[in-house]
*Asks:* 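Pasting a structure here, questions to come.
Naming: A, B, ... by sequence-line order, numbering from 1 per chain. Below, all heavy atoms of this structure are taken into account, side chains as well, without hydrogens, waters or symmetry copies. The model shown is predicted, which means the values in this text are computed figures rather than measured ones.
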Amino acid sequence: MAKGEGSDDRGKAGHTSGGHDAGEDAALQARLSRLSNALEQHQNPAGPDGIKVPELSGQELSASNLGFRVLVEFFSAILVGTLIGWQIDKWAHTGPIFLIIFLLLGMVAGLVNIYRIAAGPKPPRAG
Amino acid sequence: MDPIHQFAVEPFVPVHLFGLDVSFTNASLFMILVVALVSIVMLIGTSQRSIVPGRLQSAAEMSYEFVASTVRMTAGTEGMKFFPLIFSIFMFVLACNLLGLLPFSFSITSQIVITFALAIGVILVVIAVGVSRHGLHFLKLFVPSGVTIWLLPFIVVIEVISFLIRPVTLSVRLFANMLAGHITLKVMAGFVAALLGAGVATWIVAPLPFLANVVLLGFELFVAVLQAYIFTILSCVYLNDAIHPGH
């Protein structure tokens, strides 16, 4: 409370020396607090700990960009799956078995990721 | 005329340490330039602190506000702890993309080594944060809720693979966009020279690829900013997974 009064006094002193009257100063203060309230509400629309879902689904980006995302997703899924299978095969000397299994698993994972892009982001759960 | 030549990494000062090639290359030079540019813009932009901001101050404040709102939107208020990391990544990638568009410059983000190093860094931070905050509960990330028990091993393998894919997609998306854009620009510019050299008859159509290049350059500016934004927002989404696992 004392702190608030102190800053108010200083503000008034500064403004009277500048040639303004106290009424204008109060109006300015009210406007400032209103603006900072609006800013806070704008920045935290869902409360202090709320999380908004990112808008990364297809509507926001252009169609070519969405297509490119899908391509990269599928391509790298197969690439990573193949690499994992290849390395397991090399380590365990098990011929091409794991290569084939992980190639297929990589395709599945890529398709799952593409499905996630198409389905849009899920609302995150607290936990 | 070779559209790939622009991506060649050329050593300026050859340095070999412990059998490793750590030469000072044109990539190193442009990375230093990018970091210096970002530092200068931010330092000068934040030094004035006037109520009515000038151009540099506006740029600094707008980039701060933009990244801060992105982090808050995707990773929540808790994610703001990682704001310095995310902001550095955003400014570095953005400046690399934009500086690479200047003629005779070297586009660093069209080297997959750079983008993959950035992406792996982000994923390592995600794993470190997830494990230090939740311990073994972080592994819940790989176990979606509401799956029948006999399907669970399969789903877990799929989830693990799609987690391992993340650094690859993150890096390949940025790298491939920049690479494709720069090659397209170079090929179009090559058309201008080829048509001018082919004879008087083709002089009439020679300006057409030039005009296309002007449009493409504008599009590349858009792509440069958009890819920096996508890299940033996906890093935030992955960090959100580390802060709140078990989606």
Side-chain angles (χ1 to χ4, degrees), chain A residues 32 39-40 42-56 60-62 64-85 87-88 98 101-117 121-127, chain B residues 65 68-80 112 116 119 134 137 140-141 144-145 153-177 180-181 219 222-223 226-227 229-230 232-234 236-238 240-241 243-247:
Chain A
L32 261 178
L39 188 70
E40 205 162 311
H42 179 71
Q43 280 170 348
N44 294 322
D49 230 331
I51 297 161
K52 259 174 61 181
V53 180
E55 305 238 340
L56 250 186
E60 198 193 353
L61 306 172
S62 65
S64 70
N65 215 297
L66 184 66
F68 197 82
R69 269 194 76 190
V70 169
L71 174 77
V72 167
E73 204 75 54
F74 197 59
F75 163 78
S76 41
I78 293 176
L79 188 79
V80 169
T82 314
L83 277 178
I84 294 171
Q87 285 302 317
I88 290 178
F98 282 101
I101 291 174
F102 273 89
L103 181 70
L104 293 174
L105 282 175
M107 281 185 197
V108 175
L111 283 174
V112 167
N113 283 347
I114 291 169
Y115 169 75
R116 280 187 188 142
I117 293 175
K122 278 179 287 184
R125 254 181 22 195
Chain B
E65 286 288 331
S69 71
T70 306
V71 173
R72 267 196 214 100
M73 245 170 57
T74 47
T77 324
E78 252 183 293
M80 283 304 277
I112 192 150
F116 193 70
H134 303 281
H137 284 286
K140 262 192 194 164
L141 188 69
S145 54
F154 181 67
I155 297 289
V156 166
V157 172
I158 298 287
E159 289 287 334
V160 169
I161 292 180
S162 64
F163 185 80
L164 291 177
I165 291 166
R166 282 175 178 184
V168 180
T169 49
L170 200 58
S171 54
V172 166
R173 191 178 301 119
L174 177 61
F175 147 78
N177 265 292
F219 181 68
F222 165 72
V223 167
L226 183 76
Q227 287 306 320
Y229 174 62
I230 288 180
T232 313
I233 202 168
L234 283 177
C236 290
V237 169
Y238 297 157
N240 183 40
D241 275 351
I243 300 168
H244 313 97
H247 56 120

*Asks:* Under a 4.5 Å cutoff for heavy-atom pairs, which residue among T70(B), N177(B), L164(B) has the most contacts with chain A?
*Replies:*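 Option with the top pair count is N177(B).
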*Asks:* Applying side-chain contact (heavy atoms from CB on, under 4.5 Å) to D241(B) and F163(B), what does each step give before you reach the verdict?
*Replies:* CA-CA 11 Å; D241(B) 275 351; F163(B) 185 80; over 6 Å; no
*Asks:* Please check if the number of heavy atoms outside F68(A) that lie under 6.0 Å from its CZ is greater than 12.
*Replies:* yes
*Asks:* Where does S162(B) contact chain A at under 4.5 Å (heavy atoms): side chain, backbone, both or neither?
*Replies:* both
*Asks:* Could you walk me through whether V168(B) and F116(B) pass the side-chain contact (heavy atoms from CB on, under 4.5 Å) check?
*Replies:* CA-CA 7 Å; V168(B) 180; F116(B) 193 70; 4.2 Å; yes
*Asks:* To the nearest 0.5 angstrom, please state how far the CD1 atom of I78(A) sits from the CG atom of L104(A).
*Replies:*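 It is 9.5 Å, given to the nearest 0.5 Å.
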*Asks:* Picking from I161(B), V157(B), V160(B), which has the most non-hydrogen pairs under 4.5 angstrom with chain A?
*Replies:* I161(B)
*Asks:* Tell me, out of L79(A), L71(A), L105(A), who's got the most heavy-atom pairs with chain B below 4.5 Å.
*Replies:* L105(A)
*Asks:* How long is the span from the CG atom in N113(A) to the CZ atom in R69(A), to the nearest 0.5 Å?
*Replies:*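 Between N113(A) CG and R69(A) CZ, I get 9.5 Å after rounding to 0.5 Å.
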*Asks:* Contact part of V72(A) toward chain B, heavy-atom cut-off under 4.5 Å: side chain, backbone, both or neither?
*Replies:* both
